[in-house]
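Here is the naming used below: chain letters follow the sequence lines, and residue numbers restart at 1 for every chain.
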Amino acid sequence: EDQVTQSPEALRLQEGESSSLNCSYTVSGLRGLFWYRQDPGKGPEFLFTLYSAGEEKEKERLKATLTKKESFLHITAPKPEDSATYLCAVRETGANNLFFGTGTRLTVIP
Amino acid sequence: DAGVTQSPTHLIKTRGQQVTLRCSPKSGHDTVSWYQQALGQGPQFIFQYYEEEERQRGNFPDRFSGHQFPNYSSELNVNALLLGDSALYLCASSSTGGAWGDEQFFGPGTRLTVL
């Protein structure tokens with residue numbers, strides 16, 4: 001059965017203090033790993049798709065990396081507007097659905 | 001280009017009632033998935049529609065049903081509402097077999113409260 005575990009559950013950073021969010025996954029065959037950002041009461045906003053170990057993608061202050069067992073979302077010099085819940089999801093080979101973790105709630109303090 | 005739209009934004013129902021939620025996919029997308037997100041949890045997959053057929057279903061009872069129309073829009077119906085059905089219901093659209101990749105794009109959600 002698919003499993004996605006995100007850590008930490010919550011993270012408070014000072015503005016400019018870089019850090020990483022972790023997503024550990026167990027899946028029989030990985031079709032893709034997805035990162036989303038979700039603001040309170042809103043729908044998830046797509047950030048990245050990663051397909052194979054060693055792959056990296058960047059967008060502004062965010063960089064996502066993938067290994068065979070986990071993915072990291074690195075946040076460099078975060079700003080208060082980066083405060084949100086970051087969700088990780090996997091799609092198994094042959095399946096059409098996304099299986100989500102419970103997210104990391106990030107708060108960036110000015 | 002309009003993204004995924006959902007209606008209504010909020011809904012309050014009582015136990016035992018029935019509810020219909022609506023979704024219009026992003027332009028160019030032909031596949032619609034529905035997810036339920038309880039407070040503090042990640043979204044959970046309900047089902048996916050493609051070519052007006054339910055293509056895959058998650059672990060939800062048959063009180064949850066859906067439909068996809070020829071214009072690719074979709075409805076989610078929930079019968080005999082329970083208190084535990086209170087959640088944010090998310091619609092996600094994607095393209096099957098196209099050049100758009102695997103990404104699913106989410107709408108703003110419908111907040112359902114069951115009293």
> Using non-hydrogen atoms only, which part of A:A95 is less than 4.5 Å away from chain B: side chain, backbone, both, or neither?
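Its backbone and side chain both get close to chain B.
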> Which bit of B:Y35 comes within less than 4.5 Å of chain A, counting heavy atoms only: side chain, backbone, both or neither?
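Side chain of B:Y35 only, per the 4.5 Å heavy-atom cut-off to chain A.
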> Would you mind checking which part of B:Q37 comes under 4.5 Å of any heavy atom in chain A, side chain (CB onward), backbone (N, CA, C, O), both or neither?
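For B:Q37, the contact with chain A is made by the side chain alone.
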> Among A:G101, A:G43, A:P44, who wins on heavy-atom pairs under 4.5 Å with chain B?
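Ranked by heavy-atom pairs under 4.5 Å with chain B, first place is A:P44.
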> Would you say OH of B:Y72 has more than 12 non-hydrogen atoms from neighbouring residues, nucleotides or ligands within 6.0 angstrom?
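No, the 6.0 Å shell around OH holds no more than 12 heavy atoms from other groups.
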> Just checking, is any N or O donor in the side chain of A:S83 or A:R105 under 3.5 Å from an acceptor N or O on the other one?
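Absent: no donor and acceptor within the cut-off.
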> Under 30°, 30 to 60°, or over 60°: which ring-plane class applies to A:F100 and A:Y36, parallel, tilted or perpendicular?
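Aromatic pair A:F100/A:Y36 classed tilted.
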> Tell me, out of B:G40, B:S33, B:G42, who's got the most heavy-atom pairs with chain A below 4.5 Å.
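Among B:G40, B:S33, B:G42, the one with the most close pairs to chain A is B:G42.
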> Would A:K57 and A:F48 count as a cation-pi pair here, with the cationic atom under 6.0 angstrom from the ring centre and within 45° of the axis?
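Checked: cation-pi criterion not met.
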> Sort B:Q104 into side chain, backbone, both or neither according to what part of it lies under 4.5 angstrom from a heavy atom of chain A.
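The answer is both parts of B:Q104.
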> At a heavy-atom separation under 4.5 Å, does A:Q38 approach chain B through its side chain, its backbone, both, or neither?
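Only the side chain of A:Q38 comes within 4.5 Å of chain B.
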> Does the A:E56 side chain pair with the main chain of A:K63, one donor and one acceptor, at a distance under 3.5 Å?
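It does not hold such a pair.
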> Counting only non-hydrogen atoms closer than 4.5 Å, does A:L98 touch chain B with its backbone (N, CA, C, O), its side chain (CB onward), both, or neither?
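Backbone plus side chain of A:L98, per the 4.5 Å heavy-atom cut-off to chain B.
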> Backbone N or O of B:N79 within a donor-acceptor pair of the B:Q18 side chain at under 3.5 Å?
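Between the backbone of B:N79 and the side chain of B:Q18 there is no qualifying donor-acceptor contact (under 3.5 Å).
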